[in-house]
There are 2 protein chains.
Amino acid sequence: MTKKVTRRMAADRPYLPPGLATSDTRQNILVVALRLFAEHGFEGASMRDIANEVGMKAASIYSHYASKEQLLLELLRFGHEEHNRRIRSALNAAPDECIAQLSAAVRAHVRMHTDYPMLAAVSNTELHALSTEAGSPVLALRANTEAMLAEVVRKGVQSGVFQVPHEWLAVAVIGGMGLRVAHWYTPDFELDGDGISDIYVEYALRVLGVSGTRPEQRT
Amino acid sequence: MTKKVTRRMAADRPYLPPGLATSDTRQNILVVALRLFAEHGFEGASMRDIANEVGMKAASIYSHYASKEQLLLELLRFGHEEHNRRIRSALNAAPDECIAQLSAAVRAHVRMHTDYPMLAAVSNTELHALSTEAGSPVLALRANTEAMLAEVVRKGVQSGVFQVPHEWLAVAVIGGMGLRVAHWYTPDFELDGDGISDIYVEYALRVLGVSGTRPEQRT
DNA sequence: GTGTCGCTAACTAACGATCGTAAGGCAAGC
DNA sequence: GCTTGCCTTACGATCGTTAGTTAGCGACAC
């Protein structure tokens with residue numbers, strides 16, 4: 001595995017929250033797997049490569065994880081659950097008013113992608129490597145998360161605060177712009193995650209026809 | 001190759017322009033390769049699978065293309081060249097005025113992604129499978145295309161017509177939202193490519209603080 | 001018209017390599 | 001003693017690609 005490959009994302013640090021896995025070794029395996037999946041794709045990253053970087057032999061990984069697919073599934077499940085949790089939590093904590101709700105959702109969405117850029121990017125590029133059976137709960141989570149954002153937009157449009165020529169496309173735009181952050185963001189960007197999400201909230205509100213409104217305070 | 005996989009994009013038709021390759025057989029190979037790369041990833045799609053679907057044996061592909069990587073490179077090169085060409089052409093044809101320029105660029109950008117959704121999506125997800133050497137011209141083209149959009153935004157901001165809290169993030173938002181179209185678009189969506197790009201132009205202008213301005217006429 | 005040559009595009013067979021994973025074994029810790 | 005976590009060995013499978021062969025077609029010469 002010494003072949004130099006074309007970079008498809010800016011992130012180079014496979015950040016995962018400490019304690020995600022039940023042991024240090026399992027955590028290391030996930031972290032290395034995430035990085036190699038990001039660099040080489042799921043199929044392009046072999047168990048021998050992952051094991052070598054962890055400092056063990058490939059067959060030993062099976063003491064910890066049942067299969068290669070299981071590694072990917074752990075990563076993608078956590079990624080989607082965390083995303084969903086963050087947005088739900090942000091919505092629950094925000095005032096029940098459409099600008100505040102939208103701001104909170106976008107902030108959470110963008111922050112997920114600045115906090116876990118590599119994980120977020122892999123979640124989008126390597127989904128195909130999951131069997132339909134393994135992937136369907138992940139897709140269901142994704143749909144649920146999207147629906148939360150769509151509901152916020154729908155309510156805002158219904159109340160007349162948001163004005164859009166096409167509601168679903170507004171949701172697609174707001175979701176998509178946040179998602180792409182994962183592909184270009186690195187920690188040495190001139191703004192931190194909070195700074196970026198402030199700006200993104202402003203842009204999302206503009207998309208919704210709320211121009212020049214101050215973004216929600218970030219405390 | 002009968003394993004059912006999780007879908008990561010909506011497009012299911014590997015559209016490429018007729019005459020892209022120099023013979024029918026070469027064209028068929030590219031079309032099948034595009035679809036299988038999209039479904040299974042570059043490494044997950046084997047030459048035997050591609051050959052079987054074309055109706056020949058894997059070794060015969062080498063009469064037409066030097067390597068598996070060459071297949072991917074042909075696809076990605078065309079995708080990036082076409083994208084670049086369309087945006088350049090649209091900018092050249094539009095009036096030299098920042099709203100018209102931005103509108104033209106966004107329209108061309110979005111139309112590329114509705115005309116070639118599968119190719120566009122694969123261009124983003126499978127870049128890693130190119131060696132650095134093969135991929136660097138592709139990345140250079142990408143950077144050039146981005147720079148065109150960035151220049152349009154910069155000029156608009158400089159002239160005072162566009163007002164943004166962060167110029168580069170506005171470029172990232174506008175580019176990213178168009179790019180994501182490739183992942184959800186299918187031809188049975190309620191709007192066609194023109195309809196979608198009309199809306200996207202409106203949203204992009206809103207991001208830039210030009211609210212409620214009529215989008216450029218699409219003749 | 002016929003035969004020959006060269007080229008293209010397909011084939012078969014196989015190479016060297018790598019793959020994910022199973023089975024059996026050993027050592028350390030509790 | 002049992003469990004865990006590592007090892008080695010190896011399996012069956014697949015991979016991208018090479019080398020050699022064959023058939024068909026078109027061009028050319030006789």
Side-chain angles (χ1 to χ4, degrees), chain A residues 1-6 20-37 39-76 126 128-131 133-135, chain B residues 1-6 20-37 39-76 126 128-131 133-135:
Chain A
M1 184 66 81
T2 56
K3 179 182 176 184
K4 305 297 283 187
V5 299
T6 301
L20 173 62
T22 55
S23 71
D24 284 352
T25 304
R26 284 184 174 84
Q27 182 84 2
N28 284 345
I29 292 168
L30 282 186
V31 167
V32 169
L34 173 58
R35 179 163 61 76
L36 293 185
F37 291 161
E39 285 175 10
H40 301 284
F42 176 77
E43 295 89 358
S46 75
M47 296 298 266
R48 287 170 177 83
D49 295 327
I50 294 167
N52 283 343
E53 298 222 16
V54 172
M56 62 172 61
K57 300 296 183 179
S60 307
I61 296 183
Y62 296 87
S63 299
H64 303 271
Y65 295 99
S67 65
K68 189 180 183 186
E69 183 184 34
Q70 194 67 33
L71 289 179
L72 185 63
L73 186 57
E74 291 288 310
L75 293 168
L76 269 53
E126 305 306 316
H128 69 275
L130 293 180
S131 68
E133 185 178 32
Chain B
M1 183 65 80
T2 57
K3 180 184 174 184
K4 305 296 286 186
V5 298
T6 301
L20 173 62
T22 55
S23 72
D24 283 351
T25 303
R26 285 183 174 84
Q27 181 85 359
N28 285 344
I29 292 169
L30 281 185
V31 168
V32 169
L34 173 57
R35 178 161 62 75
L36 292 186
F37 292 160
E39 285 176 8
H40 301 284
F42 177 77
E43 296 87 359
S46 74
M47 295 297 265
R48 287 170 176 83
D49 296 327
I50 294 167
N52 282 344
E53 297 221 17
V54 171
M56 62 171 60
K57 300 297 185 180
S60 307
I61 297 184
Y62 296 88
S63 300
H64 303 272
Y65 294 98
S67 64
K68 188 178 182 185
E69 183 184 34
Q70 193 67 34
L71 289 179
L72 185 64
L73 186 58
E74 291 287 311
L75 293 168
L76 269 55
E126 305 305 316
H128 68 277
L130 293 180
S131 67
E133 185 179 30

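Lettering follows sequence order; numbering is per chain, from 1.
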### Donor-acceptor side-chain pairing of B/Thr25 and B/Asn28 below 3.5 angstrom
no
### Selection from D/dT17, D/dC15, D/dT8 that lies nearest to any side-chain heavy atom of A/Lys57
D/dT8
### Task
Rounded off to whole Å, could you give me the CG-to-P distance for the A/Asn52 and D/dT8 pair?
11 Å
### Message
Taking 4.0 Å as the cut-off, does a side-chain nitrogen or oxygen of B/Ser63 come that near to OP1 or OP2 on C/dT8?
### Response
no
### Task
Whole angstrom is fine here: how far is it from CG in A/Asp24 over to P in D/dT4?
17 Å
### Query
With the threshold set at 4.0 Å, does a side-chain nitrogen-carboxylate oxygen contact exist between B/Glu133 and A/Lys4?
no
### Task
Let me know the distance between OH of A/Tyr65 and P of D/dT4, rounded to the nearest Å.
16 Å
### Summary
Taken to the nearest whole Å, CZ/B/Arg48 to P/C/dC19 is 16 Å
### Query
From the list C/dC19, D/dC7, C/dA9, which nucleotide is the closest neighbour of the side chain of B/His64?
C/dA9
### Query
Of the nucleotides D/dT17, C/dT21, D/dT18, which one has an atom closest to the side chain of B/Ala59?
D/dT18
### Query
What's the CD1-P distance between B/Ile29 and D/dT17, to the nearest Å?
13 Å
### Message
Is there a side-chain contact between A/Ser60 and the phosphate of D/dG5, meaning an N or O under 4.0 Å from OP1 or OP2?
### Response
no
### Query
Whole-Å distance between D/dT18 C1' and B/Met47 CE?
13 Å
### Task
Go through the steps for B/Glu53 and B/Arg35 under the test salt bridge (Lys or Arg N to Asp or Glu O under 4.0 Å), then give the verdict.
CA-CA 10 Å; B/Glu53 297 221 17; B/Arg35 178 161 62 75; 2.3 Å; yes
### Task
Using a cut-off of strictly less than 4.0 Å, decide whether A/Thr25 has a side-chain nitrogen or oxygen near OP1 or OP2 of D/dC6.
yes
#### Entry: Heavy-atom side-chain contact between B/Glu69 and B/Glu74 under 4.5 Å
no
### Query
Which part of the nucleic acid does B/Lys68 contact within heavy-atom distance under 4.0 Å: base, sugar-phosphate only, or nothing?
sugar-phosphate
### Summary
Regarding the side chain of B/Tyr62, the nearest nucleotide among C/dA9, C/dC11, D/dG16 is D/dG16
### Query
Between D/dC15 atom C1' and B/Ile61 atom CD1, what is the distance in whole Å?
13 Å
#### Entry: B/Lys68 vs B/Phe37 side-chain heavy atoms within contact, under 4.5 Å
yes
### Query
Nearest-Å distance, CD1 (B/Ile50) to C1' (D/dT14)?
15 Å
